[in-house]
Colleague: 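One structure, as structure tokens, below. Some questions next.
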Amino acid sequence: MRLQISRNELMLRQSRLASALRDHGYGGMCLFGPAHIFYLTGFAFIPTERPIGLILAPPGSGGASSQGGPATLLLVPRLEQEHAAMMAAAGRVESYPEYPGQRHPMEHFADRVREMGLGSARLAVDSDGFGGGYGYAGPKLSELLPEAQVTAARELVERPMRVKSGEEVELIRESARWANLAHSLLQEYTRPGLTETEVSLRASAEATAAMIRALGPSYRSLSAWFTGAHAGYRGQVGPHSAIPHAVTTNARFRPGDVLVSGASAAVGGYISELERTMVIAPVSEEARRFFQHMLALQETAFEAIRPGRRCSDVDAAVRAYFEKHDLMRYWRHHTGHGLGIGIHEAPFFDVGDQAVIEPGMVFSVEPGIYVPGLGGFRHSDTILVTGDGIEILTYYPRDLASLTIG
């Protein structure tokens, strides 16, 4: 199988964005988000304080390519020039010396915008300048291009990202296969007396090694999140599993612990999400009861996900189950979210998200119950919306008997 997005698909994405820009009356678009740049060019990089920006101009603009397609210019720091030239599907790759430099990188970027004939255009942006972090400080793009009409329009690139292509689905499906292996090893190695860190490292290393051997030298993770396959607990061990976004504490496993695990794998820049609730024997009646409620909540969500319905409908159905069974005091978060390049992407299974569910969308489905003093109960599965329902791409066992350790 193909292990990363083809250049043809990248060119199609750029052409579709160019058409959307033209339809909305924009002269071009400037993008600074790493996921947006990767989606359009295939260039995966480590974001730091050094700005990286992409300029895209539709055909007919001053910077249009001679072949009639959109013109693209990727500006990177000098240390990324060879890397970007090797990876990026961009018409031009240019560099500035360094950040902050004698002249700020955003000034170099504004120069390139003018060179492409967009200095006084109506410009769409995913953000008004580089987003920052890692000590970055710098001017807004609108300040550097006072004659341009700079308008936030990130939806023009993010809206197409919601519906996955066949190539994207196959990468996510492949991710799910290796997440399944990593989780199998995690469960096999989890035993009372051991620590979450040693078990996670062993399972992740063995799964990644198997993945690399099986997929061969063309495999690339191309992800900011994982370098291969991963499985672990991230601190969600025993009572701490009642904290949905706990951080690793190097907890030691004990009999009776409720565990919330997570597994994924990066393939060509795409990921899946697999989470399971496991229990180290003996299983208390209280844990058994909440586990069954959690399964019912996820089944409620699965049944509610249909093309043409709204994302809010799914979360409303799940919340109705919480209310009916007097569980709202154990509720902490919405039912799920889109995913693909990012761990979290729009749209969201949330009562406030009115997005219409469409075939080709990929989501996590992860309603959770969090009981202080006992633990958390959450399965997460990656699903693909089909023409008449869903396909569950992750396939690890979900029943309590299969997920009881010891």
Side-chain angles (χ1 to χ4, degrees), residues 13-14 17-41 43-58 61-64 70-81 83-84 88 90-161 224 341-342 344-346:
R13 293 173 181 178
Q14 294 177 16
L17 177 57
S19 295
L21 291 169
R22 186 171 53 245
D23 292 346
H24 287 81
Y26 290 107
M29 189 167 193
C30 300
L31 301 117
F32 301 96
H36 300 156
I37 291 172
F38 175 75
Y39 178 75
L40 291 166
T41 71
F43 178 47
F45 58 92
I46 301 170
T48 67
E49 72 279 5
R50 303 173 178 92
I52 291 178
L54 176 68
I55 307 166
L56 186 145
S61 69
T72 51
L73 187 152
L74 182 65
L75 184 68
V76 300
R78 178 62 189 84
L79 64 83
E80 290 279 17
Q81 186 169 0
H83 182 203
R92 294 161 59 190
V93 175
E94 298 185 6
S95 67
Y96 60 85
E98 180 56 293
Y99 171 87
Q102 293 179 316
R103 191 162 182 259
H104 195 280
M106 283 301 301
E107 295 184 34
H108 290 281
F109 188 83
D111 287 345
R112 302 315 197 277
V113 174
R114 295 187 191 96
E115 290 169 10
M116 294 181 70
L118 302 174
S120 58
R122 184 169 179 250
L123 274 180
V125 296
D126 62 352
S127 62
D128 190 3
F130 182 60
Y134 293 86
Y136 173 82
K140 296 179 178 179
L141 186 61
S142 58
E143 295 170 351
L144 297 171
L145 298 171
E147 296 183 6
Q149 183 182 343
V150 176
T151 304
R154 61 188 301 161
E155 70 277 2
L156 292 181
V157 64
E158 289 188 351
R159 182 63 187 81
M161 293 173 70
I341 295 171
H344 284 226
E345 295 180 355

Colleague: State, yes or no, whether a side-chain contact exists between Tyr99 and Thr48 at a heavy-atom distance under 4.5 Å.
Modeller: no
Colleague: Picking from Gln81, Glu80, Arg78, what satisfies side chain to side chain donor-acceptor pair (under 3.5 Å) with Ser95?
Modeller: Gln81
Colleague: Among residues at least two apart in sequence or on other chains, which ones pass side-chain hydrogen bond (donor to acceptor under 3.5 Å, both in side chains) with His104?
Modeller: none
Colleague: Would you say that Phe32 contacts Phe109 through its side chain, given a criterion of any heavy-atom pair below 4.5 Å between the two side chains?
Modeller: yes
Colleague: With side chains defined as the heavy atoms from C-beta onward, is the minimum distance between His36 and Met29 less than 4.5 Å?
Modeller: no
Colleague: Could you tell me whether His344 atom NE2 has more than 12 heavy atoms of other residues or ligands within 6.0 Å of it?
Modeller: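 Atom NE2 in His344 is packed in, count exceeds 12.
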Colleague: Is a salt bridge present between Glu158 and Arg154, judged by a nitrogen-to-oxygen distance below 4.0 Å?
Modeller: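 Salt bridge flag = yes for Arg154 with Glu158.
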Colleague: For the atom pair CZ (Arg50) and CZ (Phe130), what is the distance rounded to the nearest 0.5 Å?
Modeller: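 Separation between the atoms: 10.5 Å.
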Colleague: So, the side chain of Asp128 versus the backbone of Val150: is there a donor-acceptor pair under 3.5 Å, distance only?
Modeller: no
Colleague: Would you say the side chain of Val93 lies within less than 4.5 Å of the side chain of Phe43, judging by non-hydrogen atoms?
Modeller: no
Colleague: Are any non-hydrogen side-chain atoms of Glu107 and Tyr96 less than 4.5 angstrom apart?
Modeller: no
Colleague: Measure the shortest side-chain to side-chain distance between Cys30 and Leu123 over non-hydrogen atoms and say whether it is less than 4.5 angstrom.
Modeller: yes
Colleague: Less than 4.5 Å apart, any side-chain heavy atom of His108 and any of Arg103?
Modeller: yes
Colleague: Might you point out which heavy atoms bring Ala18 and Pro70 nearest each other, and give the distance in Å?
Modeller: CB-CB, 3.8 Å
Colleague: Keeping Thr151 on the side-chain end and Ala124 on the backbone end, is there a donor-acceptor pair under 3.5 Å?
Modeller: no
Colleague: Any heavy-atom pair between the side chains of Gln14 and Thr41 that's under 4.5 Å?
Modeller: yes
